[in-house]
Amino acid sequence: MTHVRDAAASDDPQAIAACEVPAGYRAAVVLAADHQALAGTPVEGRDPRKTVHVQEVPTPEPEHGEVLIATMASSINYNTVWSALFEPVPTFRFLRTLGRTSPEAARHDQPYHVLGSDLSGVVLRTGPGVREWKPGDEVVAHCLQPDLQTPGGHDDTLLDPGQRVWGYETNFGGLAELSLVKANQLMPKPAHLTWEEAASLGVALSTAYRQLVSHHGAAMKQGERVLVWGAAGGVGAYATQLALNGGAIPICVVSSPAKAELCRRMGAELVIDRAAEGFSFWEGRDRPRLSEWSRFRGAVRSLAGDDPDIVIEHPGRDTFGVSVMIAARGGKVVTCASTTGYQHTYDNRHLWMRVKRIIGSHMANYREAWAANELVARGSIHPVLSRAYPLDAVGDATHAVADNSHHGKVGVLCLADRPGLGVRDPGLRARKLDSINLFRKGQPE
């Protein structure tokens, strides 16, 4: 692997493409043995810093339609947290199921799981049948791997019964020095961004794009009010930018003065700091505090002048009932992730009597991801990277996201030996630098 690392340090994609493929590489993994050992430990007692390991794993051979990537950087998504905690589903179950589908897929069923659903890097090798990409191409990866063996996914690949999330429901993910992807996951790396900035886009940006912009989600219109929970986090910060870029009015909900200031610096004028206002939506785990739900609706109306037409909902259990209540008559609640819990409680009268809609949204299809990536390449949408950890500290990076002690996105340097590499369009970068660096100001290096 040394010659690949040396080529990566030169920041020359052609030098990387010329390297021989090593027999093994370093990767962030969870282990089946740890899952078995922690079976009796409550989830709140599990620590990603102890369950995510960096170790050498064998290099997989790219099969038909697959591409081996020299991974320069990656990032942490909440599915990495779920994998590290072995909850709500241990991801080894996904790997066993995938491994039974074909002899080629059996490679994924290992006692280790290489994590990560984002990457930026350089094409190292292509398998048979790959036409659109070649060694030396600089790329980012979309996380959806459709199967398309049945008609279900041919209108929208997220309806494909065989679709999977790469690096979560498959092995050989992006938190590693090498990654195995399908060719139809790849997109051009935005030329004005560093490797770590480009790696912070994929999952969070494409998820926000489908939720808010796509006709599969809210199909946002100019002038609509859009309430965004967790607006200084990954999905939330991209949703805020997309709302502003599309002529909508974001109402940003955050949990600290620092996060409120980040939203204002993105250009949002309407911000609610729910911690400063003392909103507490639940009495224990099971009893909703309906007076607090109403108080929050009053705060939104006072700030925005009316109820939100769209609610971007990803916390789940803690906020979903509030979201259904506060959405405007005929409005839309677009939901994904449920990071605070999957069992949602809401008053259905607010839904049916005011003809609102709940729209389930999961990641994005390739076309949506490509469109979102194009907005970045043009300089219309910017990365929200706050910090990049080295690969050896990937457990700390995962813990930061699990603990919600981060802003925006948390990156991980893989083959890139330092931040700041990979910029090919310094002119565009110079014009957009303040926006690119917005989430890193005041953050530790």
Side-chain angles (χ1 to χ4, degrees), residues 24-25 27-36 39 51-53 55 57-69 71 74 76-119 125-130 141-154 156-186 202-203 206-207 336-337 342 362-366 369:
Y25 62 101
V29 303
V30 291
L31 304 175
D34 283 346
H35 169 232
Q36 295 160 5
T51 59
V52 180
H53 310 276
Q55 69 177 46
V57 298
T59 301
E61 181 77 19
E63 299 285 350
H64 189 275
E66 292 183 336
V67 180
L68 189 66
I69 305 294
T71 307
S74 185
I76 305 296
N77 292 293
Y78 215 85
N79 64 18
T80 308
V81 175
W82 290 327
S83 296
L85 299 178
F86 307 107
E87 287 285 342
V89 177
T91 52
F92 291 98
R93 186 183 303 176
F94 300 141
L95 302 187
R96 286 194 298 272
T97 300
L98 175 58
R100 289 194 291 266
T101 61
S102 72
E104 295 79 17
R107 299 170 296 161
H108 292 263
D109 186 6
Q110 301 289 344
Y112 59 85
H113 184 184
V114 180
L115 306 178
S117 298
D118 277 326
L119 69 71
R125 292 292 185 274
T126 59
V130 176
H142 171 46
C143 69
L144 183 66
Q145 287 194 349
D147 188 42
L148 297 180
Q149 296 290 308
T150 62
H154 282 263
D156 176 13
T157 48
L158 279 168
L159 301 182
D160 181 8
Q163 58 89 6
R164 290 179 170 85
V165 182
W166 161 71
Y168 179 60
E169 296 171 301
T170 80
N171 218 324
F172 316 122
L175 287 164
E177 294 175 328
L178 301 178
S179 303
L180 187 70
V181 300
K182 292 184 181 292
N184 60 11
Q185 290 178 249
L186 295 178
V203 171
S206 62
T207 296
C336 73
Y342 299 96
H362 184 47
M363 305 176 300
N365 62 37
Y366 192 26

Would a 4.5 Å heavy-atom cut-off, applied to side chains only, mark Gln110 and Val29 as touching?
no
Steps toward side chain to side chain donor-acceptor pair (under 3.5 Å) verdict (Asn77, Ser117)
CA-CA 7 Å; Asn77 292 293; Ser117 298; 5.1 Å; no
Without swapping roles, check the side chain of Asp109 against the backbone of Arg100 for a donor-acceptor pair under 3.5 Å.
no
Any non-hydrogen side-chain atom of Leu158 less than 4.5 Å from a side-chain atom of Gln163?
yes
CE/Met363 to OG1/Thr207 distance, rounded to the nearest 0.5 angstrom?
7.5 Å
I'd like to know whether Thr80 forms a side chain to side chain contact (heavy atoms under 4.5 Å, CB included) with Val52, so could you lay out the CA-CA distance, the side-chain angles of the two residues, the decisive distance to 0.1 Å, and finally the verdict.
CA-CA 9 Å; Thr80 308; Val52 180; 5.5 Å; no
Return the minimal non-hydrogen interatomic distance between Val57 and Ala27, and the atom names on each side.
CG2-CB, 4.0 Å
4.5 Å side-chain heavy-atom contact, Asp147 and Thr101:
no
Would a 4.5 Å heavy-atom cut-off, applied to side chains only, mark Phe94 and His113 as touching?
no
Spatial distance of atom CD (Gln55) from atom CG (Leu31) [nearest 0.5 Å]:
5.0 Å
Would you name the heavy atoms of Asp118 and Ser74 that are closest together and state the gap between them?
O-OG, 2.6 Å
Identify the two heavy atoms, one from His64 and one from Gly129, that lie closest to each other, and give their separation to 0.1 Å.
NE2-CA, 3.7 Å
Using only atom types and a distance under 3.5 Å, with no angle test, would you say the side chain of Ser179 pairs donor to acceptor with the backbone of Gly173?
yes
Would you indicate whether the side-chain heavy atoms of Leu180 and Glu66 approach each other to under 4.5 Å?
yes
Side-chain donor or acceptor of Arg107 paired with backbone N/O of Asn171 under 3.5 Å:
no
d(Phe92 CZ, Gln36 CD) to nearest 0.5 Å is 9.0 Å
Any Tyr25 side-chain heavy atom under 4.5 Å of Val114 side chain
yes
Could you state the interatomic distance from NE2 (His142) to OH (Tyr366), rounded to the nearest 0.5 Å?
8.5 Å
Close side-chain approach of Trp166 and Gln185, heavy atoms under 4.5 Å
yes
Please find the pair of heavy atoms, one from Ala84 and one from Thr51, that lie closest to each other, and give the distance.
O-OG1, 2.8 Å
Which residue, Thr157, Asp160, Asp156, forms the side-chain hydrogen bond (donor to acceptor under 3.5 Å, both in side chains) with Asn365?
Asp156
All heavy atoms of Leu159 vs all of Gly152, minimum pair found to be CB-O, 3.4 Å
Using side-chain heavy atoms (C-beta onward) and a distance below 4.5 Å, is Leu119 in contact with Val181?
yes
For the OG1 atom of Thr170 and the CG atom of Leu115, what is their distance to the nearest 0.5 Å?
10.0 Å
For residues Asn184 and Pro146, report the shortest heavy-atom separation together with the two atoms involved.
ND2-CG, 4.2 Å
Rounded to the nearest 0.5 Å, how far does CD1 of Ile69 lie from CG of Leu178?
9.5 Å
Which is it for Thr97 and Glu169 under the side chain to side chain contact (heavy atoms under 4.5 Å, CB included) test, yes or no, and what are the steps along the way?
CA-CA 9 Å; Thr97 300; Glu169 296 171 301; over 6 Å; no
